[in-house]
Amino acid sequence: MQNQLRVYNSLTKKKEIFEPINPPFVGMYVCGPTVYSDVHLGNVRTFLSFDIIYRYLTHLGYKVRYVRNITDVGHLESDADEGEDKISKKAKLENMEPMEIVQKYSNDFHRVTAKFNILDPNIEPSATGHIQEQIKMIEKLIEKELAYEINGSVYFDVLKYNETEKYGMLSGRVVEELMAGSRELDGQEEKRNTVDFALWKNAGPLHIMRWESPWGTGFPGWHLECSVMSSKYLGERFDIHGGGMDLKFPHHECEIAQSVGATGKQPVKYWLHTNMLTVNGQKMSKSTGNSFLPEELFTGNHELLNEPYSPMTVRFFMLQSHYSSTLDFSNDALKAAAKGYKKMMNGLVLAKDLKYTNDDSLEINPKTVNQINGIIDNCYRALNDDFNTAQAIAQIFNLLKKINSISTGNLKTAEIGEEVFDKLIHTFITLIVDVLGLKEEKPSDVEGIINIILDLYKQAKQVKDYDKVDEIRRKLKQYGVTLKDMKEKVGWAYEEQ
RNA sequence: GGUCUCGUGGCCGAGUGGCUAGGCAGAGGUCUGCAAAACCUUUUACGGCGGUUCGAAUCCGCCCGAGACCUCCA
């Protein structure tokens, strides 16, 4: 491939050539969900974007270790001292154990990602599974005087850190401005400064999630888990850290501060941020109440939807935009995506069946050959340009035209030669299936289809076309379906042996 | 208020200093028992006003409009 992969690095605000720290290995960490409620489509978009990144890096031959965490403690409702833990709050609300909440929504999350054909990460660590490591990191930060303990809670001292390092590099914040602009929130007296953030929180007597620590019973702060788990599984310095745009500040900023504070190293080489899904131009989020649940989409059961949309339709829809742009969610757009997706899948079915046919009477048409080679190059150029799936899909549609032409006989395979033919088919299938992760959605009503065959079977019987009858019976058997002639009707059953 | 992003044709959405994005929709044609698909051709364009340039939708400035982050959010 003549051109190299380039990625947009949020830290440097530039597109950079992607060069892993230890090729061919790539370490990638993505902030996963906080499992306190159902994931909505906005969440899905982020995980889908990183799914593509994971798939493409793998496709390029990198050995990727993909770590995506599950946040199951420490994510507070607000930054105030008595800010409630999201999991804990939900547990009280639903009268369940916190770990039941965690399990329930983790299961839901996995079910949803599977539906969208999002690959599982290699490691999926949880915050509660790494309490010891978090405590150790806090101790290290206290030792370096970058953190202070007060009333059983420990805070990161942003001002102290900022004396030698630069807090706010990623999000373009200036500490002084943050101090000036920050509002006085209730219960922040404990902190030395409003910009400080919690590493460990003292658990009040009623708090249900609690662990022993050198500072008493408590629970870890949200930002810490990612620093701890990424360094544990990917090392103090790794290649890619990803997450939604909205995590840039404060979450990722805090992560950098913690890691740099503890190790003296910039933890991440490339920061990648995905943009938001919007509805009527507004960010989709739980708090604004404009979020869609995947299930509502699949059933069409939502006031803003006039029909259901399948998981692959939505996947295709999202891939038609670039991950760093906002994407607006609407019926018209989804409907158009549904058609485009089906068109592509019809091509996939054809491509899998196409065979090369020799024809000595035909000469190779260099123009067509060049065209096909050019389109394939464009596909890779697009994906190499910061994983531009939108552009890649446009090019894949150009490949599709060639495939359809071959299928209808307008283009003879001999005109492009066997080598180019193989390349065309292979690239087309690989990009769609392996890189974009799109798959066929077969008709789910198999029974309905069997019934149509039963009707044909009955008709054949009526006219005593027993060859046909036997043929239908034999062919269905290959699929594990046995026909049964009964007194009143024809039935079917799963073949028992 | 601070920081930042965006504004593309009927819709969605790429892209970019001069070379066809693509999908959906529309128009015409080829094919066709019907229908569909497919293929070919084709119409609508870069928020406004200035500037830089041989040339800008693409760079710069101003204005208008929309949005994000600064508080939980992917």
Side-chain angles (χ1 to χ4, degrees), chain A residues 10 13 30-34 36-37 39-50 68 71 75-80 83-86 89 109 168 171-174 176-178 180-183 185 194-195 222 242-253 273-278 280-288 291 316-344 346-347 350 375 378 381-382 385 388-411:
Chain A
S10 307
K13 297 178 179 60
V30 173
C31 289
T34 301
Y36 71 105
S37 68
V39 284
H40 63 72
L41 249 12
N43 306 123
V44 170
R45 187 185 186 203
T46 293
F47 302 122
L48 171 62
S49 300
F50 287 104
R68 188 185 63 205
T71 297
H75 201 154
L76 301 185
E77 287 283 317
S78 79
D79 208 23
E84 219 172 345
D85 181 285
K86 282 172 185 280
K89 184 183 175 184
F109 174 66
S171 56
R173 306 294 149 112
V174 181
E176 291 73 32
E177 285 172 9
L178 284 171
S182 71
R183 281 175 265 161
L185 293 170
T194 48
V195 286
W222 175 40
M245 223 55 127
D246 48 359
L247 295 184
K248 242 185 189 179
F249 187 90
H251 184 57
H252 291 158
E253 207 66 78
H273 287 98
T274 59
N275 216 321
M276 301 292 109
L277 193 61
T278 61
N280 296 323
Q282 293 249 321
K283 175 182 173 180
M284 179 183 287
S285 78
K286 280 172 195 162
S287 48
T288 12
S291 61
F316 179 83
F317 166 71
M318 289 183 175
L319 294 181
Q320 272 188 303
S321 75
H322 190 254
Y323 75 82
S324 66
S325 304
T326 55
L327 173 63
D328 201 60
F329 205 68
S330 72
N331 267 297
D332 286 348
L334 281 167
K335 212 177 285 180
K339 289 203 182 178
Y341 160 70
K342 280 179 191 150
K343 185 173 180 172
M344 190 172 269
N346 285 333
L350 291 176
I375 298 169
N378 285 342
R381 194 167 297 140
D385 185 10
N388 195 327
T389 52
Q391 222 172 32
I393 285 177
Q395 295 302 330
I396 290 171
F397 272 110
N398 289 332
L399 289 182
L400 175 60
K401 280 190 183 167
K402 298 299 169 203
I403 283 166
N404 281 330
S405 295
I406 292 171
S407 170
T408 55
N410 289 335
L411 177 64

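We use all heavy atoms of the structure for the numbers below, so side chains are in, but hydrogens, waters and symmetry mates are not. Chain naming here is simple, since letters A, B, ... match the order of the sequence lines and numbering starts at 1 in each.
- Considering only side-chain N and O atoms, A/Q320 lies nowhere under 4.0 angstrom from the phosphate OP1 or OP2 of B/C12.
- Checking B/C69, B/C70, B/C12 against the side-chain heavy atoms of A/D246 singles out B/C69 as nearest.
- A donor-acceptor contact shorter than 3.5 Å is absent between the side chain of A/N275 and the backbone of A/Y323.
- One atom, CE of A/M318, and another, C1' of B/A14, lie 18 Å apart when rounded to the nearest Å.
- At the heavy-atom level, A/A394 lies under 4.0 Å from base atoms of the strands shown.
- Heavy atoms of A/K248 sit nowhere under 4.0 angstrom from any nucleic acid atom.
- Positionally, the nearest nucleotide of RNA chain B for A/A336 lies more toward the 5' end than for the other of A/N43 and A/A336.
- In this structure, A/G42 reaches the bases: a heavy-atom distance under 4.0 Å links it to at least one base atom across the strands shown.
- As rounded to whole Å, 19 Å separates atom P of B/A21 from atom CD1 of A/I396.
- Counting only Watson-Crick and G-U wobble pairs whose two key distances fall under 3.5 Å, RNA chain B forms stems of three or more stacked pairs at B:1-7 with B:64-70, B:10-12 with B:22-24, B:26-30 with B:38-42, B:47-51 with B:59-63.
- A/N378 comes within contact range of no nucleotide atom at all, as no heavy-atom separation falls under 4.0 Å.
- Counting only heavy atoms from C-beta on, A/A390 has its side chain closest to B/A14 among B/A14, B/C69, B/A25.
- No cation-pi contact links A/R68 to A/F50, judged by a cut-off of 6.0 Å to the six-membered ring centre and 45° from its axis.
- Positionally, the nearest nucleotide of RNA chain B for A/F329 lies more toward the 5' end than for the other of A/K339 and A/F329.
- Straight-line distance between the C1' atoms of B/U52 and B/U58: roughly 13 Å, to the nearest whole Å.
- Nucleotide B/U71 holds its C1' atom 16 Å from the NE2 atom of A/H251, rounded to whole Å.
- Nearest heavy-atom pair across A/N388 and A/H322 is CA-CD2, 3.7 Å.
- OP1 or OP2 of B/C12 has not a single side-chain nitrogen or oxygen of A/S330 nearer than 4.0 Å.
- At a threshold of 4.0 angstrom between heavy atoms, the contacts of A/S405 are confined to the sugar-phosphate backbone, with no base atom among them.
- When all heavy atoms are compared, the tightest approach of A/F249 to A/S171 is CD1-OG, 3.4 Å.
- Among the protein residues, A/L334 comes within range of no part of the nucleic acid, since none of its heavy atoms lies under 4.0 Å from any strand.
- Closest to the side chain of A/T46, from the set B/A74, B/C39, B/C70, is B/A74.
- For the pair A/K401 and B/A38, the criterion of a side-chain N or O lying under 4.0 Å from OP1 or OP2 is not met.
- When the side-chain nitrogen and oxygen atoms of A/N398 are compared with OP1 and OP2 of B/A21, none of them lie within a distance under 4.0 Å.
- Counted within 6.0 Å of NZ on A/K342, heavy atoms from surrounding residues, nucleotides or ligands total 12 or fewer; the atom is thus considered open.
- A straight line from CD of A/Q282 to P of B/C6 spans 19 Å, rounded to a whole angstrom.
- A/H273 comes within 4.0 angstrom of no nucleic acid atom, judged by non-hydrogen atoms across all strands.
- A/T288 meets the side chain to side chain contact (heavy atoms under 4.5 Å, CB included) test with A/S285, A/N290; sequence neighbours excluded.
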Distances for protein N or O near nucleotides 2-5 of chain B N or O, under 3.5 Å:
from: B/G2; atom 1: O2'; to: A/E177; atom 2: OE1; distance (Å): 3.4

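- If you measure from atom CG of A/D332 to atom C1' of B/G13, you get 14 Å, rounded to the nearest angstrom.
- Between the NZ atom of A/K342 and the C1' atom of B/A38 there is a distance of 17 Å, rounded to whole Å.
- As judged by a 4.0 angstrom heavy-atom cut-off over every strand, A/S325 is placed among residues touching the sugar-phosphate backbone only.
- Comparing atom distances between the A/F397 side chain and each of B/G23, B/A74, B/C70 picks out B/G23 as nearest.
- By the 30° and 60° cut-offs, the orientation of the rings of A/F329 relative to A/F317 is perpendicular.
- Closest to the side chain of A/N410, from the set B/A74, B/C39, B/A21, is B/C39.
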Full working for side chain to side chain donor-acceptor pair (under 3.5 Å) between A/K248 and A/S10: CA-CA 9 Å; A/K248 242 185 189 179; A/S10 307; 4.7 Å; no

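- Across all strands, A/S285 comes closer than 4.0 Å to base atoms (heavy-atom distances).
- Using a 4.0 Å heavy-atom distance criterion, A/M284 is classed as a base contact.
- Distance check: A/T34 OG1 to A/W222 CH2 gives 6.0 Å after rounding to the nearest 0.5 Å.
- Sparse packing is recorded around NZ of A/K89, with 12 or fewer heavy atoms of other residues, nucleotides or ligands lying under 6.0 Å away.
- At a threshold of 4.5 Å between non-hydrogen side-chain atoms, the residues A/T274 and A/R45 do not count as touching.
- Proximity note for A/K86 (side chain, C-beta onward) versus B/A74, B/A14, B/C72: the nearest is B/C72.
- Nearest nucleotide to the side chain of A/S321, out of B/G13, B/G15, B/A74: B/G13.
- Under the 30°/60° scheme for interplanar angles, the aromatic rings of A/H252 and A/H273 are found to be tilted.
- Under 4.0 angstrom from either OP1 or OP2 of B/A37 there lies no side-chain N or O belonging to A/N346.
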